[in-house]
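All heavy atoms count here, side chains included; hydrogens, waters and symmetry mates do not. In what follows, chains carry the letters A, B, and so on, assigned in the order in which the sequence lines appear, proteins first and then strands, with residues in each chain numbered from 1.
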Amino acid sequence: MTETTELAPKYDPAAIERGVYQAWTETDVFAADVTSEREPYVIVIPPPNVTSVLHMGHGLNNTIQDVLIRFERMRGREALWLPGTDHAGIATQNVVERKLAREELRRQDLGREAFVERVWEHVRETGGTILDQLKAIGCSCDWNRTRFTLDDSYSRAVKRVFVQLHDDGLIYRGHRVIHWCPRCLTSLSDEEAEFRERDDHLYYIRYPWAGGTADGVIVATTRPETMFGDVCLVCHPEDERFAGLTGRTVAIPLSGVEIPIEHSTAVERDFGTGMLKVTPAHDPNDFDIAAALPEDFDTPDTMTPDATMADVPRVPDALRGLDRDAARRRIVELLEQQGLLVKVEPYRHSVRHCYRCHTIVEPRLSDQWFVRMRTLAAPALAAYRDGALTFMPDRWGKVYENWLVGIRDWNISRQLWWGHRIPAWYCEADGCEHITVAEDAPAACAACGGSVRQDEDVLDTWFSSWLWPFATMGWPDRTPDLERFYPGHTLVTGPDIIFFWVARMVMAGYHFMGDRPFDTVYMNGIVRDPQHRAFSKSLGNGIDPLDVVEQYGADALRFTIVAGAAAGTDVIMDRNDLDATFAAGRNFANKLWNVGRLILSHLASPPAPLTELDRETFELGDRWILARCQRVIRETTTALDRMRLNDAANLVYHFVWDELADWYLEHVKPRLYGTAAGGDVARGILVHVFGRALQLLHPVMPFITEELWRHIPTEHEPLLAGARWPEADPAYDDEEAETAFGLVQGLVGAVRTIRAEYHVPPAATLTAVVTPAGSAASSAFAAERETILRLAKLAALETAADAEGIGGHGVLSDGTAVFVPLGDAIDVDRECARLSEELTRIDGLLTSVRGKLANENFVTRAPADVVEREREKERSWREQQETLAAKLRALGC
RNA sequence: GGGUGGUUAGCUCAGUUGGUUAGAGCGCCGGUCUCACAUACCGGAGGUCACAGGUUCGAAUCCUGUACCGCCCACCA
């Protein structure tokens with residue numbers, strides 16, 4: 001695979017990404033082998049909705065999954081990342097309806113079949129784009145196993161589940177008040193009807209006594225338009241204000257329908273007037289209140305499905321056909337005219353809205369299919385409580401737990417056309433109410449032999465999504481994939497769908513597979529704009545991941561996401577300043593590229609492997625970089641193991657940039673360019689270290705690492721396919737070298753600081769006088785003399801204890817003093833001031849550390865190494881103090 | 001109303017079980033086009049870790065309270 005083409009001086013992601021991705025797919029490295037002996041690692045993708053193409057939130061979610069899957073794959077596990085898309089019932093239907101609306105068409109104009117075909121057209125378009133987008137950001141999914149929640153095999157699973165739950169007594173048909181969206185014309189589950197704050201009014205309305213006598217009782221309501229559905233008024237039985245009123249009858253204003261006054265303990269006496277109107281058909285609480293009363297009320301529905309006032313006797317003629325808002329305004333006017341509106345108060349409250357079209361939900365009494373959740377929830381709850389299921393970060397587990405504890409039955413039928421049709425058939429024979437629930441259409445009614453018709457409704461989209469972890473693998477058949485890849489391991493998703501999806505998947509997993517679908521739920525944050533608003537189409541604040549890929553490259557995008565997002569924390573991105581957002585990632589890619597360019601340009605002949613190099617010839621810097629390399633391998637592996645992706649990315653970033661590029665490359669240049677001996681050793685070490693860095697970085701930045709890898713003459717397999725995750729080799733651990741080279745870095749830094757401080761021209765050569773504080777220091781300076789001279793731009797390095805005169809001073813971490821004589825070029829007063837300042841600082845530190853050491857409790861109770869560190873500090877600072885004092889005296893300050 | 005998270009540098013955020021002089025990126029200031037990289041290099045400024053108590057030899061870190069943000073859930077119409 002090695003190529004000798006020249007690398008461009010700037011990294012151009014667009015030039016390589018496509019080719020690299022193609023090479024991966026051609027060799028099928030993403031495919032999981034069901035027959036392999038390796039331990040599996042499985043992630044199922046949260047299938048993106050086919051409503052529209054991917055946004056940055058998907059970029060975040062899928063990048064994290066790809067990092068995990070690539071890491072485990074490189075580690076040698078049989079990694080399966082199963083991709084796919086979700087038909088997203090109500091959401092997709094809405095999108096297509098909106099498209100139709102632009103042609104001034106409604107779905108009813110097309111009819112069911114033609115409409116569904118239109119949706120399929122949309123799906124084929126977006127579905128394909130979504131998969132392309134995933135590829136563009138580098139996702140290493142097993143594309144052979146791509147699934148869609150409306151695939152035939154998937155539909156079979158959905159039907160099987162419905163029938164099985166019905167047989168288990170866990171699905172039933174119920175008559176109750178559900179959330180109804182008057183725009184989508186469908187029922188919704190509790191989770192789909194989300195609360196939003198709204199400024200409204202509280203209307204105080206007088207219900208006169210039946211028979212037309214004056215006064216009556218006053219009722220407070222936010223929804224006067226529902227009053228014609230009232231069946232009674234209720235007050236609390238112990239409310240003295242209304243003592244003796246039960247049994248009396250009032251007339252509903254405007255309609256004159258007479259209703260009784262009853263008692264209910266459900267009434268809050270402090271709210272409104274303490275008298276509540278009961279409208280069972282349009283309020284779930286009222287439905288319950290009415291049901292608890294001894295009377296058997298009719299529950300009149302006074303609104304049509306699209307929430308206009310119905311053409312029924314109870315509704316006054318003048319109001320019929322008005323939508324609920326217009327009706328409310330009109331009712332208020334009429335009440336006012338008749339003197340029945342006592343007062344209106346502003347009132348802020350939470351109102352349920354359709355989560356797809358944001359229309360206010362209309363509670364409505366109807367027949368729907370429900371799933372009984374209690375028994376399903378039990379194992380899902382237990383799984384979290386006994387640790388079989390963990391959340392990252394854990395706080396989301398509590399959210400999951402709370403929901404399961406208070407779980408209620410799930411309305412799964414939707415009056416939509418796009419989705420899985422409910423596998424229930426109703427007998428059409430008169431008087432026979434038999435319902436057949438079966439996977440396939442029955443020939444005739446099992447009870448009476450009459451003809452049957454299928455339920456018109458479809459299932460809640462989540463009723464198919466909750467089967468994703470096993471329906472994608474061929475369930476209900478016992479396929480090899482299921483045997484091998486279920487249960488999976490990590491689910492990466494957002495906290496917004498814990499209830500919709502995560503919890504329900506766990507329930508389905510236990511009920512149908514007898515096991516959890518995954519063991520860890522990694523919660524990614526939400527991508528927000530600088531005002532901390534979530535990206536949304538209506539705000540137009542989103543960033544298209546493909547734009548970023550195009551401008552900065554997929555690796556820059558991925559690095560930014562991974563390095564910037566700890567688990568569960570939101571990511572802020574500013575569409576107006578993409579440079580600020582993605583500069584770090586892009587710059588790092590370019591840095592890595594140039595590190596590669598430098599190293600590869602010196603590999604005319606392939607270097608010997610590290611193990612064949614003579615370690616006797618290693619210099620201090622060589623030992624240092626190898627030791628650092630072992631350390632970063634260990635730390636990065638640990639970080640990824642613990643799913644600290646941001647730590648992993650930053651660890652390699654700093655290793656490559658701060659250590660490999662800024663120090664080691666500069667350190668070995670003379671050997672690379674032949675002005676010093678030992679070039680072969682340097683090249684061998686460079687290739688080794690660079691290769692390890694590429695491996696460590698590959699999960700986060702797959703494209704550039706793969707591209708650079710194939711230019712390494714000693715590597716012949718693709719990084720992803722052939723190379724394993726690096727392992728630290730303790731043989732190269734070398735704390736002594738790390739300490740010693742640290743002192744070299746400190747010395748070079750000290751001289752640079754002095755040069756900058758005194759504005760010494762770059763061309764000017766200086767001499768540094770060093771007074772080493774310990775043996776490690778002196779040997780390090782001796783070993784790295786040439787390096788120090790070059791990197792600190794010095795003409796000479798002297799070791800002497802008696803450096804005096806005017807110059808710049810520095811102190812290293814171990815107390816070693818550095819003095820750079822600057823002759824008459826510098827301002828003595830200024831130097832004195834500087835030294836005094838330094839001395840004051842040291843004095844402060846000494847006071848603090850001496851305070852600690854004087855504290856008997858500290859010395860006896862703190863860990864020995866901590867105390868020892870403090871002692872060393874004290875020693876070293878004391879020496880610095882003396883040195884500084886001597887300098888000051890020498891300068892005559 | 002019940003949960004739950006946050007408050008650390010100008011901005012966005014890290015900070016593992018309490019333990020060197022609290023870090024990064026971006027931005028800012030000063031100096032460099034030094035033969036891999038100006039998407040770079042070198043140096044630097046900038047923080048009483050929201051506030052008040054407490055525990056401890058020692059607190060950004062643990063406890064209590066306060067003040068602001070935020071998110072989730074919730075049948076006072």
Tell which nucleotide pairs with B/A52, taking only Watson-Crick or G-U wobble pairs whose two distances are both under 3.5 angstrom. B/U64
Of all heavy-atom pairs between A/Asp662 and A/Lys591, which one has the smallest distance, and what is that distance? OD1-NZ, 4.5 Å
Could you go through nucleotides 73-77 of chain B and list every protein N or O atom that sits under 3.5 Å from one of its N or O atoms, giving the distance for each pair?
residue	atom	partner	partner atom	Å
B/A74	N6	A/Ser350	OG	3.3
B/C75	OP1	A/Arg408	NH1	2.7
B/C75	OP2	A/Arg352	NH2	3.1
B/C75	O4'	A/Asn285	OD1	3.4
B/C75	O2'	A/Asn285	ND2	2.5
B/C75	N1	A/Asn285	OD1	2.9
B/C75	O2	A/Asn285	OD1	3.3
B/A77	OP2	A/Tyr347	OH	2.4
B/A77	N6	A/Glu268	O	3.1
B/A77	N6	A/Phe271	O	3.1
B/A77	N1	A/Glu268	N	3.3

On a heavy-atom basis, which atom in A/Gly596 and which in A/Leu7 lie closest, and how many Å separate them? C-CD1, 4.4 Å
Determine the interatomic distance between C1' on B/G65 and the same-named atom on B/C73; round to the nearest Å. 26 Å
B/C49 to B/A60 separation - P atoms, rounded to the nearest Å: 7 Å
Give the rounded distance in Å between these two atoms: CH2 of A/Trp396 and P of B/C71. 11 Å
If you measure from the Lys or Arg side-chain nitrogens to the Asp or Glu carboxylate oxygens, is any gap between A/Glu197 and A/Arg348 under 4.0 Å? yes
I'd like the P distance from B/A59 over to B/G19, given in whole Å. 11 Å
Ion pair A/Glu757/A/Arg755, N-O distance below 4.0 Å: no
Partner of B/C41 under the Watson-Crick or G-U wobble criteria, both distances under 3.5 Å, comes out as B/G31
Rounded interatomic separation in angstrom, taking NZ from A/Lys852 and C1' from B/U21: 10 Å
I'd like the C1' distance from B/G47 over to B/U4, given in whole Å. 28 Å
If pairing requires Watson-Crick or G-U wobble contacts with both distances under 3.5 Å, which nucleotide is the partner of B/U17? none
Rounding to an integer number of angstrom, what distance separates B/C28 and B/C35 when you compare their C1' atoms? 31 Å
Which heavy atom of A/Leu293 sits nearest a heavy atom of A/His263, and at what distance? CD2-O, 3.3 Å
Assign each of A/Arg586 and A/Trp663 to its nearest nucleotide of RNA chain B by heavy atoms, then name whichever residue's nucleotide is nearer the 5' end. A/Arg586
Closest-nucleotide ordering on RNA chain B, the 5'-leading residue of A/Asp662 and A/Arg597: A/Arg597
Would A/Thr226 and A/Lys277 count as having a side-chain donor-acceptor pair, cut-off 3.5 Å? yes
Determine whether a donor-acceptor pair (N or O, by modelled atom type, separation under 3.5 Å) exists between the side chain of A/Thr560 and the backbone of A/Ala556. yes
Watson-Crick or G-U wobble partner for B/G47, using a 3.5 Å limit on both distances? none
All N/O contacts under 3.5 Å from nucleotides 2-5 of chain B to the protein, with atom names and distances to one decimal?
residue	atom	partner	partner atom	Å
B/G3	O2'	A/Asn402	ND2	3.2

When the distance from CG of A/Asp496 to C1' of B/G70 is rounded to whole Å, what number comes out? 15 Å
If we call it a pair only when both distances are under 3.5 Å in a Watson-Crick or G-U wobble match, what pairs with B/C26? B/G10
A/Glu666 and A/Lys669: salt bridge (charged side-chain N to carboxylate O under 4.0 Å, His left out), yes or no, with the steps? CA-CA 5 Å; A/Glu666 295 305 327; A/Lys669 268 181 181 173; 3.2 Å; yes
Working to the nearest 0.5 angstrom, can you tell me the gap between A/Arg631 CZ and A/Glu735 CD? 6.0 Å
I need the CG-P distance between A/Leu853 and B/G58, as an integer number of Å. 15 Å
A/Asp647: side chain to side chain donor-acceptor pair (under 3.5 Å) partners, not counting sequence neighbours: A/Arg644
Applying a 3.5 Å limit to both distances, which nucleotide forms a Watson-Crick or G-U wobble pair with B/G1? B/C73
Length of the NZ-P vector between A/Lys591 and B/A40, whole Å: 7 Å
Between A/Asp579 and A/Tyr552, do the side chains contain a donor N or O and an acceptor N or O under 3.5 Å apart? yes
Distance between the C1' atoms of B/U55 and B/A14, in whole angstroms? 27 Å
Indicate yes or no: does A/Arg324 engage A/Glu225 in a salt bridge with an N to O separation below 4.0 Å. no
Would you please indicate yes or no on a ring centroid separation below 6.0 angstrom for A/Phe559 and A/Phe582? no
Give me the distance, rounded to whole Å, that separates B/G70 from B/C76 when you measure between the P atoms they each carry. 23 Å
What is the separation between atom NE2 on A/His759 and atom P on B/G31, rounded to the nearest whole Å? 7 Å
Ring-face cation of A/Arg790 near A/Trp663 (centre distance under 6.0 Å, axis angle within 45°): no
B/A52 and B/C29: how far apart are their P atoms, nearest whole angstrom? 34 Å
Whole Å only: how far is the NE2 atom of A/His667 from the C1' atom of B/U34? 18 Å
Donor-acceptor pairs under 3.5 angstrom involving side-chain atoms of residues 400-408 of chain A: please list them, not counting sequence neighbours.
residue	atom	partner	partner atom	Å
A/Tyr400	OH	A/Ala380	O	2.9
A/Glu401	OE2	A/Arg385	NE	2.7
A/Glu401	OE2	A/Arg385	NH2	3.2
A/Asn402	ND2	A/Lys398	O	3.4
A/Trp403	NE1	A/Glu191	OE2	3.4
A/Arg408	NE	A/Asp190	OD2	3.4
A/Arg408	NH2	A/Asp190	OD2	2.9

Describe the nucleic acid contact of A/Pro393 in one word from base, sugar-phosphate, nothing, applying a heavy-atom distance below 4.0 Å. nothing
I'd like to know if A/Asp641 pairs up with A/Arg634 as an ion pair, taking the criterion as any Lys NZ or Arg NE/NH1/NH2 lying under 4.0 Å from an Asp or Glu carboxylate oxygen. no
Value in whole Å for how far the C1' atom of B/C42 lies from CZ of A/Arg790: 15 Å
With sugar-phosphate taken as primed atoms, P, OP1 and OP2 and all else as base, the protein-contact string of nucleotides 9-14 of chain B at under 4.0 Å (heavy atoms; B, S, -) is ---SSS
Anything under 3.5 Å between a protein N or O and an N or O of nucleotides 26-28 of chain B, put it in a table, one pair a line.
none

